[in-house]
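Beneath this line is the structure, given in structure tokens, with notes to follow.
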Amino acid sequence: MTRITKGPGPMGVEELVETPDGRVLHTMVAGEGPDLVVLEAGLGFGGHYWAPVHERLARRVRVVAYDRAGLGDSSPDPHPRDLDRLEADLGVLLDAYPHRRLVLVGHSWGGPVVRLAAARRLDSARPITGVVLVDASDEHAPGYFARQAALGDAVQAATLPTLARVGLMRALIAVAARGLEPVHRRGLLDSSTTVAAARAAVEENRHVRPGLRALLDRPLPLPDVPVTVISGRRHGRLDAGLRRQLNRAHAVTAERHGGRLVFAERSGHLIPLSEPELIAREVLAMVEPAPEPA
């Protein structure tokens, strides 16, 4: 795959990776070595969201974060942005960066994306070193299929582009991103709060429930792949039920993949911002196994 270097940026070298249909995906690459970690963000968030994790990992391995189609300098995609399409774009990036060992990390809606990518690489006899799911969207949580979720999606689809147009989307994401350093917060806001980014988020969100339903009906096997599921513990008064539901769902997913369940005790959903050191530690444990006892 063709990679075009833009130059240095706040998260390392910025590059554009060309897709087979002529679009480009904007990446941020740092670190060295033969091992590669690729970070897949949640719905509507650009790669700058990963900055605290990206920085910690780059000290030890090569790490890539990127903006999905329609965000930042990544081209919009005229095709439906379903789970298959998101996985195809991720696959382009994986092929663009040669590696010895590979760990995929997915937050929120990025979780199903990296699970599908890992399963498809295994199907084509390409190894995966590990998968880390960070408070991922999970098909075992029934709330995703509830009527209230569908109503919320309809409201979002009707309002999100307008919120972006008048600047309110930028204000809302600024609150969520207040823990980022100013340069990364600006990068996230610039890439994730445009009208094009809002439309991309609406289009992706349209496929979340069908994608989760497909995973429920046809589970993804990941034989012999280490899987760690990180699940947030904190919640507010209004989302306590949803948090308990997600914790249970994450436990089911960890068990079915024969993986580890790790609780982020200080975090709700935004673990990459509140406990980046936990994510980095779990990732590095997969590429740097603990030494044998003497």
Side-chain angles (χ1 to χ4, degrees), residues 4 6-7 9-11 14-28 39-51 54 64-90 92-93 106-110 112-113 137 144 149-211 269-270 272-273:
I4 304 166
K6 292 181 61 183
M11 288 174 61
E14 299 195 8
E15 298 183 329
L16 298 175
V17 176
E18 190 172 348
T19 65
D21 59 353
R23 294 178 293 116
V24 294
L25 298 171
H26 174 228
T27 67
M28 291 149 274
L39 306 173
E40 184 77 38
L43 191 150
F45 280 87
H48 282 272
Y49 175 69
W50 282 111
H54 195 275
V64 176
Y66 76 106
D67 296 328
R68 284 208 291 269
L71 277 68
D73 290 334
S74 293
S75 307
D77 187 357
H79 296 282
R81 296 294 292 169
D82 58 16
L83 196 52
D84 285 329
R85 187 70 171 174
L86 270 59
E87 184 277 331
D89 277 359
L90 175 56
V92 169
L93 288 188
H107 174 245
S108 196
W109 183 230
V113 177
S137 306
Y144 285 106
L151 290 173
D153 290 348
V155 170
Q156 183 192 78
T159 61
L160 208 56
T162 300
L163 292 177
R165 191 173 295 111
V166 301
L168 287 178
M169 186 172 167
R170 190 177 183 92
L172 291 171
I173 292 185
V175 172
R178 60 184 177 270
L180 285 174
E181 293 181 8
V183 65
H184 300 310
R185 187 163 60 248
R186 284 194 304 273
L188 177 64
L189 294 175
D190 290 346
S191 64
S192 306
T193 64
T194 64
V195 174
R199 289 172 177 159
V202 168
E203 169 58 19
E204 284 190 18
N205 196 48
R206 191 166 67 88
H207 299 281
V208 168
R209 276 198 312 282
H269 186 55
L270 303 182
L273 299 182

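Throughout, numbering of the chain's residues begins at 1 and tracks the sequence.
Contact record, G42 with S108: CA-CB, 3.9 Å, taken as the closest heavy-atom pair. The minimum heavy-atom distance between P20 and V92, with the atom names listed, is CD-CG2, 3.7 Å. The minimum heavy-atom distance between G44 and A201, with the atom names listed, is CA-CB, 4.1 Å. When all heavy atoms are compared, the tightest approach of S191 to A197 is O-CB, 3.7 Å. Shown here for M11 and A65, the closest heavy-atom pair between the two residues is CE-CB, 4.1 Å.
Of the possible polar contacts, none joining the T193 side chain to the M169 backbone as a donor-acceptor pair under 3.5 Å is found. Judged by distance alone, the side chain of E203 and the main-chain N or O of R81 form a donor-acceptor pair under 3.5 Å. S137 contributes a side-chain N or O that, together with a main-chain N or O of W109, makes up a donor-acceptor pair within less than 3.5 Å.
Note that the OG1 atom of T27 and the CG atom of L39 stand 11.5 Å from one another [nearest 0.5 Å]. Taking CD of E15 as the reference point, atom CE of M28 lies at 11.0 Å (rounded to 0.5 Å). Atoms CZ and CD, from R68 and E40 in turn, are 4.5 Å apart once rounded to the nearest 0.5 Å. Distance check, rounded to the nearest 0.5 Å: CG of D73 to NZ of K6 gives 3.5 Å. Atom OG in S75 sits 11.0 Å away from atom CG in D67 (nearest 0.5 Å). Separation of atoms OG (S192) and CG (L71) is listed at 5.0 Å; rounding is to 0.5 Å.
Shown here are the salt bridge (charged side-chain N to carboxylate O under 4.0 Å, His left out) partners of R170, two or more places apart in sequence or in another chain: D190. For D82, the salt bridge (charged side-chain N to carboxylate O under 4.0 Å, His left out) test picks out no residue, with sequence neighbours left out. R209 is linked by a salt bridge (charged side-chain N to carboxylate O under 4.0 Å, His left out) to D153, counting only residues two or more places apart in sequence or in another chain. Residues passing the salt bridge (charged side-chain N to carboxylate O under 4.0 Å, His left out) test with D21, sequence neighbours excluded: R23, R85. Residues passing the ring pair (Phe, Tyr, Trp, His ring centres under 6.0 Å) test with Y66: none are found, sequence neighbours excluded.
At least one side-chain heavy atom of P10 sits under 4.5 Å from a side-chain heavy atom of H48. Contact of the R178 side chain with the L273 side chain is not registered, since no non-hydrogen atoms from C-beta on lie closer than 4.5 Å. Residues V113 and L83 have side chains in contact (heavy-atom distance under 4.5 Å, counting atoms from C-beta outward).
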Please list, one pair per line, the donor and acceptor atoms closer than 3.5 Å that link side chains of residues 154-165 to other protein atoms, with sequence neighbours excluded.
{"unit_1": "Q156", "atom_1": "OE1", "unit_2": "N205", "atom_2": "ND2", "d": "2.9"}
{"unit_1": "T159", "atom_1": "OG1", "unit_2": "V155", "atom_2": "O", "d": "2.8"}

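Between H107 and Y49, the distance separating the two ring centers is shorter than 6.0 angstrom.
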